[in-house]
Structures are given as structure tokens and as C-alpha cells.
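Take a look at the structure set out below.
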2 protein chains.
Amino acid sequence: MGVGIKDVARAAGVSPATVSRALGKGPVSEELRALVEAAVRSTGYRPNLAARRLRSQDSGTIGLVVADIRNPFFTAVSRVVEDCAYRAGMRVILCNTDEDPEREALYLRLMQEERLTGMIFAPTRATLDQLAHRALDFPVVLIDRAGPGGQHDAVVLDNHEAVGDLVAHLVERGYRRIGGLFGNASTTGLQRRDGYVAAMQRFGLQPDFRLLAPSAEAALQLLRAWLADPQRPEAIVASNSLLLMGTLRAAREAGLAIPQDLAVAGFDNENWTELVEPGITVIEQPVEEIGRAAMSLLFERLKTPTLPVRKLVLSGRCVARGSTASRTS
Amino acid sequence: MGVGIKDVARAAGVSPATVSRALGKGPVSEELRALVEAAVRSTGYRPNLAARRLRSQDSGTIGLVVADIRNPFFTAVSRVVEDCAYRAGMRVILCNTDEDPEREALYLRLMQEERLTGMIFAPTRATLDQLAHRALDFPVVLIDRAGPGGQHDAVVLDNHEAVGDLVAHLVERGYRRIGGLFGNASTTGLQRRDGYVAAMQRFGLQPDFRLLAPSAEAALQLLRAWLADPQRPEAIVASNSLLLMGTLRAAREAGLAIPQDLAVAGFDNENWTELVEPGITVIEQPVEEIGRAAMSLLFERLKTPTLPVRKLVLSGRCVARGSTASRTS
DNA sequence: ATTGGGTTGGAAATCGTTTCCACTCCCCTG
DNA sequence: CAGGGGAGTGGAAACGATTTCCAACCCAAT
């Protein structure tokens, strides 16, 4: 029922091999190429990608495995990755792991079966640690999360610097008791925690932070107690947008005015951080550049597999808004 | 280099056919099945999906083609779709069309080459109109956008009712000059416009709306002029979240207090609509149900291709917040 | 006129599975 | 006891393209 390359060949009066070459980049005379193209149009032929992949041993597919596509950071990255991929004539398969190592393992197996051309991956800590032992037969580029060293190319934010900027910004504006909220599932949360501690110590201040599950609900719960404390922080730094939302809810619930009663700063320059009154001070990640860079690293490694491992560390941009206005009291 | 089914067969001392049956659901004795499984583990065999798809004539892949994954409505739907798909052992390919009919045509071709099992599609008006003429060889379920009649299953919001609820809500609270902002790229925008006009007339009020490109920037531009008009609306209904954001920016820019100077209501109950002060009144779409229903329709049609065309119309839920508080003056 | 290099087109092998078909057992029934 | 039927197994074809190999051809140079 399906029209195959043989039907096109018959219609054009040539051999299947010639059709293949005419459609691909093989050497074919100009007139034959035209003939074939006409035959393709008249028959309505569409190549069968499964067959092509099987024979050519190239899936032309890249895997994108992230925690949750609903996290705006990953949403934005995925968009860039897909654009790059389609422009290069490749397809993308997306997987959501929900920070669950078991699902990561499952999808890693699946990706092997797909015979991926390459993969872009934001792993949990657990999987990151054992990624070295696992033999994948395609190149992997890590995004957002990567340990020191490591065997794979990676594109990450300079978390140490970024959180340092945030702390410095707050100190400059007169805040001293600065609390931290960090996600415990990824290396990113831990790196930001480390950067926070280092920055606080640099300023001679006492670090005071909590590690917790990266969800707005968890942040809300935790802050209910924390903000009730008479020694509550004057400012909160939240390590991702979910924790940031939880923080705002908690502040509102406790009747605390921002920034008079509680200053707030976070990560990811989403639209709403500007729409809220007052606007929220955040570190903006260069999401588009992260996506593009990841694809570039991947393509370069595909072209030259022997390249040394590269780790790209990009800087965030501190967007100052009303939530961290100078302390008046 | 790659370990194939023949290697497993040799290791287990059986024929490739038996291995295939042992891994699939063919009839195999229990002992042989165990033998094969041991051989699979010892050889580290992973089936080649390309070969499997070619032979079995089933790609096990569903295509998800939407305007832009960064639109939170589509983000949420995609997450549900992927979960359903993976649970059913299928893969998902995602495409962003940016509301561009040419890209839609391109991806439709691509999807044909993939020999998709099925597709979930949010088309532009242009493509929707000519979708009937185009012969796809896989079932399609439309989401978010669908015309009257139509040849494909669909899951849509009851736009007429939803926008009617919004208008009624505003009228109840004393607003009379209610303006509308509707996207011009999709049938959804037009349906909401129609519902708006009908509702206004039902209340004996004069409709006053604008059709525009669905972007925050476009809304901001347009509202700059509109809000400067002495006859400016007392309330604005925005047909999607981008237009809603543009509206809020414009109101702030013009120094209009919400809701005293301008009431605002929109679509899609995103997190930030609650975080903003005052909260924004919106229609919440049952995104998860939409995704699940789309997949159900698709699976049922795959099982029974002769089913009559079904169109599921789901109701939204009006979430009232401060942006439409009762008019006092 | 013959040789040789460079194109061009066709036949056939190949990719890794699944599936069809034939065959063997073995049990059950008439 | 013979024959029918079902389950389990192996061999080989088939899926639809790409790619390799080789024959045929053209043209120029010896």
C-alpha cells in the first residue's frame, strides 16, 4: 500500500539506487535528478525513516532528558534545542524524569535502544555519580548540572558567582541576616548552597540555610516555621523558581511586606518576576545560549569524537528589582 | 560491534525467532524463556528499535505538534501526553510551529516520514481549513483548536461558555464598558471573540474588541492607544496569557490601578496570576484532563478505526480574584 | 585503434527484527 | 489405535531503504 523507492524508480524508469542517490547527495546527472524529482512528486513518495535509519546506522535523533519540562528553565532550553535539531535535520525525543533515578535509568536504557545520535541530559546527583561507570554508545552533554571533573561535556551556570552576586547585592543594600533555600535533588542546589556559604563568610556574616525538596509546597511549609521565629532572616535567597514562589506565598501568608519586612531574591528571570509588585530581584540565566552551546558541543563531539572533555561555565546576570530595595530601618 | 538478536540466539543455543518470541509475547516454553533472558543479560543485548519498527510496521511514536512549548498551556499538556505515551510504551516527538502554516506543513511531512502511530495537533486556522484535503495515514486528535464539524477527533475548551462566564462575572460586579483582546491566529481566539460578543449582547452591552497577534508586545502596543482614549474600557478580557501579561504591563505603564481604574480577566490559571497583587481572575482550563482525553481518543481510534468522529468539549472553571473586585464608584 | 581514467547506472548485499510456514511432538478424542 | 489439533521450535522470507561492487560507457591521450 505504501509507495516505496521501487515504485518511484519504476515511475522514473531508473533503478532504486539511482533514486536514492538523486535524493541524497550521490553523483547523478542533472536530467536524471529532475526526472526522479518529478516521479517523487507524481507518486507522492515519502522515504521511510525507520528503513533509512536501520540501513544507515544513524538515527538522526537526539535525546533530551530533563527533570520536568514544566520547569521554565527546561522549557526554554528545550525550545532552543529543538530548533537547533530540526535545523540540522534531526529529531528530538523528550523525557521527564521527575528527579527520579529509577526513571533516569529507564530512559537511559530506552535511549540506547533508540540508538541515539547524541543526548542532552540534566541528571540527578545519584545518576551523575554513576554516569561514569555506565557505558553509553553515544555522546552526552550535561546541562545545568555537572560535577567537578567528569567524563562528559557540560554547559552550566557559574552558580558560585551568581549566588555571590545575589548575596553581595543584598549586603550592599543593608541586609545582614540573609537566609538561604536550596534544592537538595541536584548538584545545582548544592553548588549554590556552597557559593552562598562562601559569600556570607567573605562578608563576615553567619550563613543560615535549609536544604529541601525543590517544590513550592515544601518551601511554604518550611518557611511557615522559619518566618515565625523572632530571629527570622531579613532576606531570603531561593535557589530556584519553585522555592521562590513558595517564599512569596509564605511571606504573604505571614503578612510580611516585601522588602520592608522580608527581602527576596532568586533564580530564573521569568515573566512573572517582573509583573509581581514589587518586582523580584533574580539571576537571569542565559537559557538560549545554554541550549545553543549544548548543541554545539554535541555536534562538535560528533564530528571529532577525540576532542578533550569541555565544560562551559556561563555567567548569569543579576536583575535588580524592588524586592531587594535598600533597607531603610 | 553491536550485539544483535543472532548473538543472543547463539549464546542461548536457540534460533533468533525464539529469542524474538521470548522477548515479545509469543508462545515459548518457560525454560527457554529463562534461558533467553539469561543470554540477554550476559550479552548486554538491547533491541534495535529502528529494525523493530521497520519490520513490525509500527513506529510506536506519537507526534505532538503545537504552536510553542513555552506557552504554559502546551507545556502542561505535553507533560501529560508524554506520561501517557511512555506508560503505553510509546515515544513522543515534539514540534513547535510558532503558528506558522509553512512550518506546520513541513512538520506534517516529517511526521509522515516517521510513519507515526498517531498525532496530537493544535493547528492554525489556515492549516485547520485544509486539513480535510490532506491525506494523513495516521489518526489525528486536535486539541485546543477545532472547527465545527471536521473529520478528526478533538478535545477543546467550551470557549463560548468560558468567556460568557467571564463577562457575566464582570457585569455582576458592576462593569459595563468591557473590552476584549483576542488572538487572531487560532480558531480559539475567534471562538472566544464570538462568545464575548454574544455575551455582551445578551446583557444589552456594546461589544468592543480587538483582534491581534498573540503576543504580550502586541497587546502592550495596542493598549497604549486604547487606554489613552477617554472612552477607554472599565474592564479588559484577554483571551490568553500572553495578551494578559501585555495588558498588565500596559495598565502599570499608564498608572492605572487594578481593579479601581481597570479590571482585568483572562485565561489560563498560571501560578503567577495568584502571586500578582491583586490576583487575576481567570478561566482555568482542565489541562491534565485535556491531555489525558486526547490520548484516550487517540488510543480508542487506533483500536477501532471505524469509530465515528468525536469532539470532546470540556468546561473551564472561573477562578475569581481581586482583579475583578466589585466596582465601587 | 587501444588503453585508461572518470562517471553513471544497475544488481545485489545489508541493516536487525518480526512473522510466515513447515515440522515435530504430544495429548486428547472418537 | 489412528487421526486431529494445538503448542513449541527453527529456517527463511520480508520490511524498505542505503551502500557496495561492478559493468558499461564516454572521451581524451598515446
Any side-chain donor paired with an acceptor under 3.5 Å for [X] and [Y]?
X: Thr124(A); Y: Glu99(A); result: no
X: Ser15(A); Y: Thr18(A); result: yes
X: Thr61(B); Y: Glu114(B); result: no

Walking DNA chain D from its 5' end, the first of Val28(B) and Asn48(A) to be reached, judged by nearest nucleotide, is Val28(B)
With a 4.0 Å cut-off on heavy atoms, is Arg21(B) in touch with a base, just the backbone sugar-phosphate, or nothing at all? base
Glu113(B) and Arg91(A): CA distance, side-chain angles, deciding distance, salt bridge (charged side-chain N to carboxylate O under 4.0 Å, His left out) verdict | CA-CA 12 Å; Glu113(B) 300 185 357; Arg91(A) 263 138 305 283; over 6 Å; no
Can you tell me if [X] touches the phosphate of [N], counting only side-chain N or O atoms and a distance under 4.0 Å to OP1 or OP2?
X: Ser29(B); N: dT9(D); value: yes
X: Arg52(A); N: dT18(D); value: yes
X: Ser20(B); N: dT17(C); value: no

When rounded to the nearest 0.5 Å, the distance separating CG of Leu157(B) from CD of Gln191(B) is 9.0 Å
Find the distance [X]:[atom1] to [N]:[atom2] and express it as a whole number of Å.
X: Arg55(A); N: dG16(C); atom1: CZ; atom2: P; value: 9 Å
X: Lys25(B); N: dT18(C); atom1: NZ; atom2: C1'; value: 11 Å
X: Arg10(B); N: dT17(C); atom1: CZ; atom2: P; value: 13 Å
X: Gln57(B); N: dA14(D); atom1: CD; atom2: C1'; value: 10 Å
X: Asp7(A); N: dA17(D); atom1: CG; atom2: C1'; value: 12 Å
X: Lys6(B); N: dT14(C); atom1: NZ; atom2: P; value: 10 Å
X: Glu113(B); N: dG16(D); atom1: CD; atom2: P; value: 15 Å
X: Leu23(A); N: dG16(D); atom1: CG; atom2: C1'; value: 14 Å

Closest to the side chain of Leu54(B), out of dG10(D), dG10(C), dG16(D), is dG16(D)
Of dG9(C), dG10(D), dT18(D), the nucleotide closest to the side chain of Thr18(A) is dG9(C)
*With the threshold set at 4.0 Å, does a side-chain nitrogen-carboxylate oxygen contact exist between Asp58(B) and Arg53(B)?*
no
**Prompt:** In terms of side-chain geometry, is the basic nitrogen of Arg79(B) or Asp98(A) positioned less than 4.0 Å from the acidic oxygen of its partner?
**Reply:** yes
If each end axis of the helix from dA1(C)-dT30(D) to dG30(C)-dC1(D) is fitted on five C1' pair positions, the angle between them, to 10 degrees, is 50°
Do the side chains of Cys95(B) and Tyr86(A) get nearer than 4.5 Å, heavy atoms only? yes
Expected list for residues 31-47 of chain B near DNA chain D, using heavy atoms below 4.0 Å, is Leu32(B)
Across all chains, not counting sequence neighbours, the side-chain hydrogen bond (donor to acceptor under 3.5 Å, both in side chains) partners of Arg70(B) are Asp68(B)
- With salt bridge (charged side-chain N to carboxylate O under 4.0 Å, His left out) as the test, would you mind laying out the steps for Asp153(A) and Lys311(A) before giving the verdict? CA-CA 5 Å; Asp153(A) 295 324; Lys311(A) 184 164 161 184; over 6 Å; no
